[in-house]
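Here the structure is laid out as structure tokens; the discussion comes afterwards.
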Number of protein chains: 2
Amino acid sequence: MSELDQVRQAGERLTRQRRAVLQALDTQGGHVTAEQLCDALRGEFPHINTGTVYRILQWLKGHSLVSETDVGIGVKVYERVCNPRHHHLVCLNCHRTIDVDDRYFHPLATALKQDLGFQARIEHFAVFGYCADCARGK
Amino acid sequence: MSELDQVRQAGERLTRQRRAVLQALDTQGGHVTAEQLCDALRGEFPHINTGTVYRILQWLKGHSLVSETDVGIGVKVYERVCNPRHHHLVCLNCHRTIDVDDRYFHPLATALKQDLGFQARIEHFAVFGYCADCARGK
DNA sequence: CTCCTTATTGCAGCAGACTGCAATAAGAGG
DNA sequence: CCTCTTATTGCAGTCTGCTGCAATAAGGAG
């Protein structure tokens with residue numbers, strides 16, 4: 001919980017709800033929707049609602065503890081940021097998502113930093129396109 | 001308008017509304033929201049509504065004529081896809097958007113193709129992070 | 001030019017994501 | 001341990017983006 005202690009600076013509070021959201025994300029693993037999280041938390045907090053969950057997720061995202069991704073299913077999915085980081089390739093045809101290693105994105109981040117001084121924050125990317133199987137057909 | 005003729009295959013129709021959306025995108029140039037497009041079209045089509053505009057934009061996007069991007073302002077923005085393609089760096093601190101050349105993304109697309117057979121469709125990317133000015137302060 | 005098939009529009013309605021405000025509770029200070 | 005400040009929650013409401021359905025119109029056939 002050391003990374004959370006850092007966060008407690010500047011008057012930001014580590015509430016039971018925030019702790020529970022993080023724990024739920026750890027427990028479930030992989031991609032989770034805000035709605036799913038809300039349901040999971042209702043056991044401990046019967047009155048919790050999606051508004052609060054979305055706010056907590058934004059807060060966690062701002063502290064790089066959670067990633068938010070649009071994988072093209074019409075709902076945003078959230079995932080605990082862990083090392084090593086990984087990203088996703090999303091097939092526009094069969095809608096499969098393929099995990100891809102962070103190192104593919106390092107050259108891009110490095111180039112943007114060197115040439116433009118831009119410090120890219122690539123926690124979790126979703127690249128759309130066509131997977132090997134579907135690309136053949138096209 | 002030759003690119004539009006290709007689209008007319010397979011029974012897809014080139015309606016006045018679709019033509020008008022494309023023309024409005026050309027006229028306005030740069031990033032436009034669906035709401036703005038809807039307003040612009042109401043002169044010619046008094047009864048047009050956002051539902052239709054969103055559907056037309058999805059259709060144009062599917063044919064690679066228009067790009068859809070989340071630049072972090074809470075609304076999706078649309079832009080005519082033109083050559084050379086460009087992408088955007090979005091500063092999480094000052095919210096400035098910086099245009100960046102397509103060539104920065106070529107190595108990534110090539111690597112994904114070679115190693116994984118994935119044919120990335122990178123029409124218009126938005127990379128979040130901190131711009132040179134804001135990165136210094138952090 | 002007219003008819004006919006069916007893709008597309010307009011409309012109304014819905015889910016996802018977010019926000020303002022009053023009530024609550026985290027955590028610093030005494 | 002109690003008090004106090006104020007960040008956060010719960011709630012209700014809003015806006016964006018999308019979808020089903022009946023009415024309309026694109027564009028191919030005759």
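Just so you know, these numbers come straight off a predicted model, no measurement behind them. To find a chain, count down the sequence lines: A is the first, B the second, and so on, and within it residues start at 1.
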*For dC18(D), does either OP1 or OP2 sit under 4.0 Å from a side-chain N or O belonging to Gln58(B)?*
yes
*Would you please indicate yes or no on a ring centroid separation below 6.0 angstrom for Phe105(A) and Phe125(A)?*
yes
*Does Arg16(A) place a side-chain N or O at less than 4.0 Å from the phosphate oxygens OP1/OP2 of dA25(C)?*
no
_If I take atom CD1 in residue Ile56(B) and atom C1' in nucleotide dT19(D), what distance separates them, rounded to the nearest angstrom?_
15 Å
_Let's see if you can work this out: which of dC18(C), dT8(D), dC11(C) has an atom nearest to the side-chain heavy atoms of Glu68(A)?_
dC18(C)
*asked:* Taking 4.0 Å as the cut-off, does a side-chain nitrogen or oxygen of His47(A) come that near to OP1 or OP2 on dT9(D)?
replied: no
*Does the separation of the ring centres of His87(B) and Tyr104(B) fall below 6.0 angstrom?*
no
*Indicate, yes or no, whether a donor-acceptor pair under 3.5 Å links the base of dG10(D) to the side chain of Arg55(A).*
yes
*Name the residue closer to the 5' end of DNA chain D, choosing between Thr52(B) and Pro46(A) according to the nucleotide with the nearest heavy atom.*
Pro46(A)
*asked:* Could you tell me how far apart Glu44(A) (CD) and dT9(D) (C1') are, to the nearest whole angstrom?
replied: 14 Å
*What integer distance in Å separates Leu14(A):CG from dT8(D):P?*
10 Å
*So, the side chain of Glu44(A) versus the backbone of Leu41(A): is there a donor-acceptor pair under 3.5 Å, distance only?*
no
*Which nucleotide, dA26(C), dA26(D), dT16(D), lies nearest any side-chain atom of Arg13(B)?*
dA26(D)
*Compare the minimum distances between each of dT9(C), dA17(C), dG10(D) and the side chain of Gln17(A), then state the nucleotide with the smallest one.*
dG10(D)
_Donor-acceptor pair, distance only, cut-off 3.5 Å: does the side chain of Thr52(B) make one with the backbone of Ile48(B)?_
no
*asked:* Nearest whole Å is fine: how far is dT8(C) C1' from Leu22(B) CG?
replied: 16 Å
*Would you say Arg18(A)'s side chain and Arg13(A)'s backbone share a donor-acceptor pair under 3.5 angstrom?*
yes
*Starting at atom CZ of Arg19(B), determine the distance to atom C1' of dA25(D), rounded to an integer number of angstrom.*
13 Å
*Would you mind reading off the distance between Tyr54(B) atom OH and dG20(D) atom C1', rounded to a whole angstrom?*
19 Å
*Which part of the nucleic acid, if any, lies within contact of Thr15(B), taking any heavy atom under 4.0 Å across all strands shown: a base, the sugar-phosphate backbone alone, or nothing?*
sugar-phosphate
_Of the listed nucleotides dG10(C), dA25(C), dT16(D), the one nearest the side chain of Val75(B)_ = dT16(D)
*Counting just side-chain N and O atoms, does Lys76(A) come under 4.0 Å of either OP1 or OP2 of dT16(D)?*
no
*Over how many whole Å does the gap from Ile48(B) atom CD1 to dA23(D) atom P extend?*
21 Å
*asked:* Expressed as a whole number of angstroms, how long is the span from Glu12(B):CD to dT9(C):P?
replied: 11 Å
*asked:* Of the listed nucleotides (dA25(D), dT8(D), dT9(C)), which one gets closest to any side-chain atom of Arg18(A)?
replied: dT8(D)
